[in-house]
Chemist: 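Structure in structure tokens, see below.
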Amino acid sequence: MAENKSYFFCGIGGSGMLPLAMIVAARGAAVSGSDRSRDQGRTPGKFAWLEDQGIAFYPQDGSGPSAGQILVASAAIEDSVPDVAAANALGLPRMTRADLNAALFNAAGRAIGVGGTSGKSTVTGMIGWILERAGKKPTVMNGAVMRNFSGDDSPFASALVGDDAFYVSEVDESDGSIALYAPDVAVVTNISLDHKSLAELHQLFGDFAAKARVAVINADDAESAPLLSGRNVVTFGFGDSATVRGSDFEALPDGCCFAVRVDGTAYQVKLRMPGRHNAANALAAIAAAHAAGATAAQGVEALADFAGLARRYEVLGQANGVTVIDDFAHNPDKVAATLAAVAELPGRALLFFQPHGYGPLRQMGKELAASFASGMRDGDRLFVCDPVYFGGTVDRSIGSEALVADIVAGGADAIHMTTRANCGAAMLDEAKPGDRILILGARDDTLTEFGRELLEKLALRA
């Protein structure tokens with residue numbers, strides 16, 4: 001799928017596009033691309049690094065695509081976008097990110113697909129790390145930077161390029177593209193409301209699991225119950241019925257620990273990541289890696305050194321007694337999980353949330369408000385700015401003010417401020433030693449920069 005081919009990626013800096021571009025480039029393809037964020041001067045470090053890897057960049061004005069290339073672009077990108085119009089004029093074949101990733105995935109000898117509403121990126125990273133430590137040399141396609149594989153020379157390591165035999169990838173149900181994948185091992189972390197109705201999700205995940213030699217399903221998740229009847233099912237969870245069963249969960253200041261029983265043998269697991277939801281993610285990863293050929297002991301040993309992912313409860317630092325944490329939570333389930341992890345330890349939380357679009361607020365605003373209202377403790381305070389908006393014709397009639405009104409009606413302390421800068425200034429005014437500031441949101445790479453700016457300002461306090 002990659003050797004001796006030439007790809008033009010429209011939107012190459014996206015969380016799903018960048019790792020795929022790196023994988024096909026490493027396998028011998030010529031890769032070039034464009035990105036609106038680069039044209040707007042956002043996250044220049046990321047694009048400079050990509051150029052250093054040999055990626056040729058063009059403005060997103062139609063000047064980039066050329067004869068003989070394959071255009072890779074999101075299905076949502078309209079034909080009026082200059083690069084797409086230019087590619088169409090040249091008669092270039094077009095693939096979505098999912099089309100290309102699924103082709104690589106389905107060609108692998110052993111393909112492990114990770115689906116679910118929450119935890120996909122973390123479980124994908126965990127499985128990749130277990131298989132790498134077990135000597136399997138996997139290729140890993142992730143939507144987040146895997147800190148075990150990142151360093152000064154690879155700061156955006158959302159992909160690991162290994163052999164063709166093992167391919168580990170998260171798969172997306174939001175656009176239905178999960179149907180393209182034919183997994184050897186299928187993981188479903190959980191099922192909850194996000195981009196589609198529950199009926200649609202049950203169908204998509206059920207079909208995905210049924211294709212696999214082994215389907216790894218969350219026994220603790222009520223919405224996943226319809227998937228448990230398959231003949232190929234291995235379950236994970238903290239309930240007595242789970243095949244890979246966790247117990248004795250304990251929150252620690254630097255992570256968590258718990259026991260896991262696999263095939264009658266008990267192991268003690270120590271994670272550097274907090275939260276019962278991450279313990280569940282680890283159970284899923286142990287089960288999936290075991291199904292793919294790694295031993296449970298190898299899984300437990302590797303996870304002790306798993307450093308987590310960028311923007312998944314990532315501690316950016318501490319200054320003047322205030323800890324700043326960066327987190328990807330943006331849907332009801334992820335928000336609930338993050339707030340549960342926050343509640344495991346003492347200290348007030350000052351929460352910042354940037355909704356990842358006006359459409360998602362219409363789809364799940366009530367459920368988001370319920371997650372915040374039920375998960376926040378007395379003394380916690382939430383600051384919400386306007387949603388991410390990079391242009392276009394999206395309906396903006398329902399915004400953050402409606403979300404905040406519902407959260408306040410649910411009994412939690414929340415305030416809407418139109419700009420991120422105003423929210424940041426208000427949090428800095430309130431922050432006291434012992435507090436934790438959490439930056440929550442998705443679809444905007446500059447959220448991490450915002451968190452680091454707050455940390456720098458905290459450090460300057462007398």
Side-chain angles (χ1 to χ4, degrees), residues 9-18 33-44 46-47 59-61 73-85 96-97 143-144 172 174-175 193-196 311 326-332 334-335 351-369 371-372 382-408 414-427 438-454:
F9 284 75
C10 180
I12 195 171
S15 62
M17 297 282 263
L18 186 154
S34 66
D35 199 285
R36 179 170 55 185
S37 292
R38 181 178 182 270
D39 294 348
Q40 295 171 349
R42 291 189 286 125
T43 60
K46 176 169 67 175
F47 295 109
Q60 203 170 85
D61 59 5
S74 165
I77 293 183
E78 299 170 345
D79 287 347
S80 59
V81 171
D83 283 346
V84 177
T96 66
R97 178 200 60 80
D172 191 5
S174 66
D175 59 359
L193 184 69
D194 195 344
H195 298 278
K196 293 185 179 294
R311 302 216 64 237
D326 192 22
D327 194 84
F328 189 65
H330 62 281
N331 66 31
K334 288 182 172 70
V335 167
L351 305 156
F352 166 79
F353 180 57
Q354 178 177 278
H356 64 296
Y358 286 90
L361 278 184
R362 288 195 308 276
Q363 171 78 10
M364 55 184 169
K366 297 293 184 183
E367 291 79 9
L368 262 174
S371 287
F372 277 113
L382 173 66
F383 301 81
V384 183
C385 72
D386 286 340
V388 170
Y389 177 66
F390 296 133
T393 58
V394 65
D395 179 2
R396 290 186 283 163
S397 59
I398 297 176
S400 295
E401 62 279 356
L403 174 68
V404 167
D406 287 338
I407 294 169
V408 172
I415 184 171
H416 169 230
M417 296 180 167
T418 55
T419 70
R420 191 160 74 182
N422 287 344
C423 289
M427 286 191 292
L438 281 92
I439 310 300
L440 309 182
R443 283 192 66 208
D444 185 348
D445 290 343
T446 65
L447 284 168
T448 301
E449 296 174 10
F450 174 60
R452 291 193 174 120
E453 288 169 5
L454 294 183

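By convention here, the first residue in the shown sequence is residue 1.
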Chemist: Do any N or O atoms from the side chain of D35 and from the backbone of G13 form a donor-acceptor pair under 3.5 angstrom?
Modeler: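 Such a contact is found between D35 side chain and G13 backbone.
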Chemist: Between F328 and I439, is any pair of side-chain heavy atoms under 4.5 Å apart?
Modeler: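 Heavy-atom side-chain distance check fails, nothing below 4.5 Å.
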Chemist: Is any side-chain heavy atom of D172 closer than 4.5 Å to one of R97?
Modeler: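 In short, these two side chains touch, coming nearer than 4.5 Å.
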Chemist: Where do A426 and F383 come nearest, in terms of heavy atoms and distance?
Modeler: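 In terms of heavy atoms, the two residues are closest at CB-CE2, 3.7 Å.
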Chemist: Enter the distance from L438:CG to D326:CG here, rounded to the nearest 0.5 Å.
Modeler: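 Here the rounded value is 9.0 Å.
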Chemist: Are any side-chain N or O atoms of S371 and backbone N or O atoms of P332, one a donor and one an acceptor, separated by less than 3.5 Å?
Modeler: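 Yes, the answer is positive, given that a donor and an acceptor are paired below the 3.5 Å cut-off.
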Chemist: Which pair of non-hydrogen atoms, one from G143 and one from S15, has the smallest distance, and what is that distance?
Modeler: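 Answer, listing the atom of G143 first, then S15: O-CB, 3.4 Å.
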Chemist: I need the minimum non-hydrogen distance between C385 and P355, along with the two atoms involved.
Modeler: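 Scanning both residues completely, I find the closest heavy atoms to be O-CD, 3.5 Å.
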Chemist: Are the side chains of L403 and L361 in contact, using a 4.5 Å heavy-atom criterion?
Modeler: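 Side chain of L361 against side chain of L403, heavy atoms only: contact under 4.5 Å found.
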Chemist: When you compare the side chain of R420 with that of L447, does any pair of heavy atoms fall below 4.5 Å?
Modeler: yes
Chemist: Please check this pair: side chain of R443 against backbone of H356, looking for a donor-acceptor N/O pair closer than 3.5 Å.
Modeler: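 The answer is yes, because a donor-acceptor pair under 3.5 Å joins these two groups.
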Chemist: Indicate the atoms forming the closest heavy-atom contact of V404 with H416, along with that distance.
Modeler: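 Looks like CG2-CB, 3.8 Å.
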Chemist: Could you tell me whether the side chain of F372 reaches within less than 4.5 Å of the side chain of V335, counting heavy atoms only?
Modeler: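 SC-SC contact between V335 and F372 confirmed.
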Chemist: Do Y389 and Y358 have side chains that approach each other closer than 4.5 Å (heavy atoms only, starting at C-beta)?
Modeler: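 Side-chain contact under 4.5 Å: yes.
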Chemist: Minimum heavy-atom separation for N331 and L368, please, with both atom names.
Modeler: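 Of all heavy-atom pairs spanning N331 and L368, the closest is C-CD2, 3.8 Å.
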Chemist: Would you say the side-chain atoms of R362 pair up with the backbone N or O of S397, donor to acceptor, closer than 3.5 Å?
Modeler: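 Looks like no, no N/O pair under 3.5 Å.
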Chemist: In Å and rounded to the nearest 0.5 Å, what is the OG1 to CD distance from T446 to E453?
Modeler: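 Result: 8.5 Å between the selected atoms.
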Chemist: Does the side chain of V384 reach to within under 4.5 Å of the side chain of C423, using non-hydrogen atoms?
Modeler: no
Chemist: Donor-acceptor pair, T96 side chain versus S74 backbone, under 3.5 Å?
Modeler: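 Not confirmed, T96 side chain does not pair with S74 backbone.
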Chemist: Can K46 and D445 be counted as an ion pair, charged N to O under 4.0 angstrom?
Modeler: yes
Chemist: Could you go through S37 and F47, starting from their C-alpha distance and side-chain angles, then the distance that decides it, and tell me whether this counts as side-chain contact (heavy atoms from CB on, under 4.5 Å)?
Modeler: CA-CA 9 Å; S37 292; F47 295 109; 4.0 Å; yes
Chemist: Does a salt bridge link R311 with D327, judged by any charged N lying under 4.0 Å from a carboxylate O?
Modeler: no
Chemist: More than 12 heavy atoms of other residues, nucleotides or ligands under 6.0 Å from CD of Q40: is that the case?
Modeler: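 Atom CD in Q40 is packed in, count exceeds 12.
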Chemist: To the nearest 0.5 Å, what is the distance between CG on D83 and CG on D61?
Modeler: 7.0 Å
Chemist: Does some side-chain heavy atom of Q354 sit less than 4.5 Å from a side-chain heavy atom of D444?
Modeler: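 Yes - at least one pair of side-chain heavy atoms lies under 4.5 Å apart.
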Chemist: Whether the D386 and T418 side chains hold a donor-acceptor pair (N or O, under 3.5 Å, no angle test) is what I'd like checked.
Modeler: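 No pair is found: no donor N or O on one side chain lies under 3.5 Å from an acceptor on the other.
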